[in-house]
Amino acid sequence: MSKRAPVSVPLSSTAGRVLDVAERLMQTRGFNGFSYADISGELGISKATLHHHFATKAKLGHALIERYADNFRAALATIDASKSGAPQRLERYVQLYRDVLSGNRLCLCGMLAAEYSTLPESMQASVRRFFDANETWIKGVMEQGQRAGAFQLRRSAANVARMLLGALEGAMLVARPFNDVERFSSAARVVLAGLKDSRTISSSRQRQIARSRAATA
C-alpha cells in the first residue's frame with residue numbers, strides 16, 4: 001500500500017516497470033478494467049515481451065498482490081520498529097490508507113475484493129492472505145492497547161480488528177466518488193476515537209473543564 005520500491009523485482013527491470021504500470025491500473029480500474037494492450041501501449045513494448053515476463057494475466061495479478069503484500073508488511077514492520085503506543089501505531093496504519101487515497105488510488109486488495117468472484121483462484125487466495133495478515137497485525141495492536149489501558153474493547157480483539165479493517169476499506173470506497181480524502185479521514189477518526197478508553201476520555205475532559213474554570217476564576 002505504501003509507495004515503496006518492489007521487494008522481489010528491481011524497478012530497473014522491464015518486469016518491474018510492467019508491475020508498476022499494472023499496479024496503478026489495477027488500483028484505479030480494477031483487475032478486469034485493463035488489458036495487456038494498455039500496459040504495452042503505455043510502456044512502448046510488445047505484448048510478446050509482456051507474455052515473456054508474465055505468461056498470463058492471472059500470473060501478473062498474482063505477482064502484483066504478492067509484491068503489494070511484501071511492501072505492506074515492510075510498512076507494518078517500520079511502524080512496529082517505532083515502539084510507539086497502540087493509538088499512535090493505528091494512526092500510522094490509517095495514514096497508509098490515506099496516502100494511497102491521496103494518490104487517487106484504492107487499496108489494491110480492497111479493489112480486488114469487489115471483483116473477487118471473477119478472479120483466478122491463485123489471486124483469490126492471495127487476497128485472503130493479505131486481509132488475514134492485516135487483521136492479525138491489528139489484533140496485536142488492539143491487545144497491546146487494551147493491556148496499556150488505551151483501548152476499551154467491548155468485543156474480542158479479533159472482532160474489533162475485523163471491524164476496523166472493514167471500516168477503513170469501506171471508507172476509502174465511499175470517499176473515492178467525491179474525490180475527498182477528508183471524507184475518509186473524518187470517518188477514520190470517528191472509528192479510532194471509539195476505541196479509546198472512555199475513562200481516559202472522561203478524565204481528559206474533566207481536566208480541560210478544570211483548567212477552563214481556573215482561567216476564568
Side-chain angles (χ1 to χ4, degrees), residues 1-13 15-24 26-28 61-113 125-151 153 157-158 160-173 175-176 181-182 184-196:
M1 183 167 285
S2 59
K3 298 175 183 178
R4 297 171 178 268
V7 171
S8 56
V9 182
L11 277 172
S12 58
S13 70
R17 293 167 59 213
V18 169
L19 288 175
D20 288 341
V21 171
E23 182 174 293
R24 175 176 52 77
M26 192 181 293
Q27 286 183 284
T28 55
H62 179 74
L64 278 171
I65 300 172
E66 292 303 310
R67 186 179 77 154
Y68 194 77
D70 284 345
N71 289 337
F72 206 83
R73 279 190 292 270
L76 296 183
T78 298
I79 294 175
D80 289 336
S82 70
K83 305 297 183 182
S84 302
Q88 292 74 35
R89 291 169 72 189
L90 286 186
E91 288 285 354
R92 293 184 64 182
Y93 180 77
V94 170
Q95 186 63 45
L96 297 176
Y97 289 81
R98 189 181 293 114
D99 288 345
V100 171
L101 191 59
S102 296
N104 295 315
R105 302 189 187 193
L106 291 179
C107 168
L108 184 77
C109 288
M111 179 71 89
L112 292 176
S126 293
V127 169
R128 291 195 302 269
R129 284 195 296 271
F130 176 84
F131 289 134
D132 283 342
N134 275 262
E135 288 181 7
T136 297
W137 185 86
I138 298 171
K139 175 177 176 288
V141 176
M142 294 296 178
E143 291 170 341
Q144 175 199 357
Q146 191 169 34
R147 289 192 298 269
F151 298 149
L153 306 184
V160 175
R162 192 166 297 164
M163 178 277 295
L164 177 58
L165 179 60
L168 295 178
E169 293 285 359
M172 289 188 84
L173 286 170
R176 191 189 190 198
V181 177
E182 179 54 31
F184 165 83
S185 298
S186 61
R189 285 194 295 269
V190 170
V191 174
L192 293 184
L195 298 173
K196 293 181 179 178

>> Run Met111 and Val127 through side-chain contact (heavy atoms from CB on, under 4.5 Å) and show every step you take.
In response: CA-CA 10 Å; Met111 179 71 89; Val127 169; over 6 Å; no
> Would you call the rings of Trp137 and Tyr93 parallel, tilted or perpendicular, where under 30° means parallel and over 60° means perpendicular?
Replying inline: parallel
Validation row: [X], [Y] side chains within 4.5 angstrom (heavy atoms):
| X | Y | result |
| --- | --- | --- |
| Glu169 | Leu173 | no |
| Gln144 | Arg147 | yes |
| Met142 | Leu90 | yes |
| Pro87 | Leu192 | no |
| Leu76 | Leu96 | yes |
| Gln88 | Ser82 | no |
| Val191 | Met163 | yes |
| Leu64 | Leu19 | yes |

> Between Arg105 and Glu23, does a side-chain contact (heavy atoms from CB on, under 4.5 Å) hold up when you go through it step by step?
Replying inline: CA-CA 10 Å; Arg105 302 189 187 193; Glu23 182 174 293; 3.9 Å; yes
As an exercise, state the distance from [atom1] of [X] to [atom2] of [Y], rounded to the nearest 0.5 Å.
| X | Y | atom1 | atom2 | result |
| --- | --- | --- | --- | --- |
| Asp132 | Leu165 | CG | CG | 9.5 Å |
| Tyr68 | Phe130 | OH | CZ | 5.5 Å |
| Phe131 | Arg162 | CZ | CZ | 12.5 Å |
| Leu106 | Met172 | CG | CE | 5.0 Å |
| Arg67 | Ser126 | CZ | OG | 14.5 Å |
| Arg24 | Leu108 | CZ | CG | 13.5 Å |

>> Evaluate Arg98 against Glu91 for salt bridge (Lys or Arg N to Asp or Glu O under 4.0 Å), listing each step before the verdict.
In response: CA-CA 10 Å; Arg98 189 181 293 114; Glu91 288 285 354; 5.1 Å; no
>> Is there a side-chain contact (heavy atoms from CB on, under 4.5 Å) between Ser84 and Ile79? Walk through the geometry before answering.
In response: CA-CA 8 Å; Ser84 302; Ile79 294 175; over 6 Å; no
> side-chain contact (heavy atoms from CB on, under 4.5 Å) between Glu66 and Arg129: does it pass, once the steps are laid out?
Replying inline: CA-CA 10 Å; Glu66 292 303 310; Arg129 284 195 296 271; 3.3 Å; yes
> Which atoms form the tightest heavy-atom contact between Gly16 and Ser13, and what is the distance?
Replying inline: N-OG, 3.0 Å
>> Quick one, Glu143 with Lys139, criterion salt bridge (Lys or Arg N to Asp or Glu O under 4.0 Å). Give me CA distance, side-chain angles, the key distance, then yes/no.
In response: CA-CA 6 Å; Glu143 291 170 341; Lys139 175 177 176 288; 2.8 Å; yes
